[in-house]
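Here's the structure, in structure tokens; my notes come after.
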Amino acid sequence: MAVLDSPTTTDQATVGVTSKALYTTPYGTPGDELAPAPVGVYSAAVMITLNSGLTTPAYVWGMSLPVAATRTAFIRAVYLRGCFPVSASAAASQGAYQLLKVRGVIDTATGTAVVAIKLDSAYAAAGMELTTDGTGGITFLAPGGVEVVSLGELRQPRRVGSSGELVLYGSSPRSRTNVLELLPGESLVIKALNAITATNENIGGAVNWEERT
Amino acid sequence: MTYHLKSGATADLLTVDPTSKAMRVEHYDSAALPLNPIPVGVYMLPVNVRIGGAANGFGLWALQVPASAARDVYIRRIFLRSAFDGTAASSAPHGVGVHRVNGVTITSGTVLTPIKLDSTYAASVIVTTAQQSDGTTKLSLSGGTTLAALAYLQMDSQTGFNGALDLNWFEADNPYSMLKLVDDEGLLLYVDFASIVAGVSVSGFVVWEER
């Protein structure tokens, strides 16, 4: 009868009382745990009302990890849908909205704060800060934002009753591949590229992410 | 040579599967959470509402865990489409917010019975609290807390409009991926904005598991 002892601590491996199975924790070759517990998983709504007075190009929605944050964020999914609830079509015109990773932190003093909702009420509050403004746009704190990469573009035809769509599903953060990582001082933003032809064109949806220390 | 591996916590011994001859293991993360928990059951409910009259600021559809449920609810997926068949009109942006609620009393509407994805599952714990508006009778909400929307399904009062929202949180072997609801918490679809007109409909489904 053997008990499996840890050579570095006094811990001993356990066997499930019901399953009679050995408890294991998967690790990768470099020594990192394959499925580490996140600090929390969060969702934030996207609801941006564009105003024809907006000077484009302009950032209209953004989420940032502050420079002093001690967490890393992993974007799990982005779901965006455009809407043109205006009776008159704008011929040969499209709204174009770019989803960008930016090095820099948004100024949450601009725009309207967006609330990060915990997917489990037991999680700690999100470290991410979010804001939106489809009238004046949002800005970055000094020294400004540097666009790193475009993840995709939402195209919204300006036709009565039309709707465009952009859906991004990253694979599991656990795989450590194919998922957008945001470090402290980095942001995910939506940028309106084209002039807004009619107030009330809008973008709805959600962003889902997890945070780890 | 025979060795038996004994648990460091109890007198239990590790077993080997009689068919595969594989050692039985259970995966846990370093926070001691099982990575592959088997749910009591997996369930779904339809969402199917057409708003019959001009209205705004009301509950459309809700799912709530009772105050003393013996299980936790994990929302796997929320899939919604919106459409419009009324008299076309320009409108301000409006939509259905997906909200987490806590301690809210929800009355009126039609009680829906969750559908088991496997007929051998036990009945869902939320059988008595899933409700749906008939489109003109609003869900009545009182007390508790309704948090800010975690997502928006857009609506439009224009001919031919189709909106969509697909929150597909389920991820195999990831116990952290889904929206978790414990006792007295719930999920609410709520029309947050003004200028909703007759003819907007919302359809789709919600899928969850219970543990």
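Values in this document were obtained by computation on a predicted structure and should not be read as measured data. Letters A, B, ... are given to chains in the order of the sequence lines, protein chains preceding strands, and every chain is numbered from 1.
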- prompt: chain B heavy atoms under 4.5 Å from A:Y23: which part of the residue, side chain, backbone, both or neither?
  reply: both
statement: Whatever's closer than 4.5 Å to a heavy atom in chain A on B:S30 counts as both
query: Is it the backbone or the side chain of A:Y42 that comes under 4.5 Å from a heavy atom of chain B, or both, or neither?
result: neither
query: Does the side chain of A:M128 reach to within under 4.5 Å of the side chain of A:L65, using non-hydrogen atoms?
result: yes
message: Please tell me whether A:R81 and A:S163 have a donor and an acceptor in their side chains that are separated by less than 3.5 angstrom.
response: yes
Show me, pair by pair, the donor-acceptor contacts under 3.5 angstrom made by side chains of residues 162-169 of chain B, not counting sequence neighbours?
residue: B:D166; atom: OD1; partner: B:R77; partner atom: NE; Å: 2.9
residue: B:D166; atom: OD1; partner: B:R77; partner atom: NH2; Å: 3.4
residue: B:D166; atom: OD2; partner: B:R77; partner atom: NH2; Å: 2.8

Pairwise side-chain contact, B:I126 with B:W208, heavy-atom cut-off 4.5 Å (strictly under): yes
- prompt: Can B:K180 and B:E185 be counted as an ion pair, charged N to O under 4.0 angstrom?
  reply: no
query: Heavy atoms, side chains only, cut-off 4.5 Å: are A:T139 and A:Y59 in contact?
result: no
side-chain contact (heavy atoms from CB on, under 4.5 Å) partners of B:V25, counting only residues at least two apart: A:L22, A:T24, B:M23, B:H27
field: Short side-chain donor-acceptor distance under 3.5 Å, A:Y123 and A:E211
entry: no
message: Tell me whether A:K20 is salt-bridged to B:D12, with the criterion being a basic N under 4.0 Å from an acidic carboxylate O.
response: yes
- line: Whatever's closer than 4.5 Å to a heavy atom in chain A on B:A149 counts as both
query: Which of residues 192-209 of chain A get closer than 4.5 angstrom to chain B, counting heavy atoms alone?
result: A:N200, A:N202, A:I203, A:G204, A:G205, A:A206, A:N208
statement: In terms of heavy-atom pairs under 4.5 Å with chain B, the winner among A:G161, A:A44, A:G40 is A:G161
field: Check: A:E33/A:T25 side-chain N/O donor and acceptor closer than 3.5 Å
entry: no
- request: Pull out the residues in residues 4-19 of chain A that come under 4.5 Å of chain B, heavy atom to heavy atom, sorted by number.
  value: A:L4, A:Q12, A:A13, A:T14, A:V15, A:G16, A:V17, A:S19
- prompt: Of the listed residues (A:A122, A:P85, A:S121, A:G82), which shares the most heavy-atom pairs with chain B below a 4.5 Å separation?
  reply: A:P85
- prompt: How about A:S93 and A:R158: does a side-chain donor come under 3.5 Å of a side-chain acceptor?
  reply: yes
Greatest number of heavy atom pairs closer than 4.5 Å to chain A - which of B:R100, B:M155, B:H4: B:R100
field: Most contacts with chain A, counted as non-hydrogen pairs under 4.5 angstrom, among B:M178, B:Q154, B:K6
entry: B:Q154
pair B:L13-B:L5: side-chain heavy atoms closer than 4.5 Å: no
message: A side-chain contact here means heavy atoms from C-beta on lying under 4.5 Å apart; do A:I117 and A:L119 qualify?
response: no
query: Taking every heavy-atom pair that is under 4.5 Å apart, which of A:A88, A:A116, A:S43 has the most such pairs with chain B?
result: A:S43
query: For A:S162, is it the side chain, the backbone, both or neither that has a heavy atom under 4.5 Å from a heavy atom of chain B?
result: backbone
Interchain contact, A:V41 with chain B, by part (heavy-atom threshold 4.5 Å): side chain
message: Distance check, rounded to the nearest 0.5 Å: B:D85 atom CG versus B:S201 atom OG?
response: 6.0 Å
Region of B:S177 that comes under 4.5 Å of a non-hydrogen atom in chain A: both
query: Does A:I190 reach the side chain of A:V46, with side-chain heavy atoms less than 4.5 Å apart?
result: yes
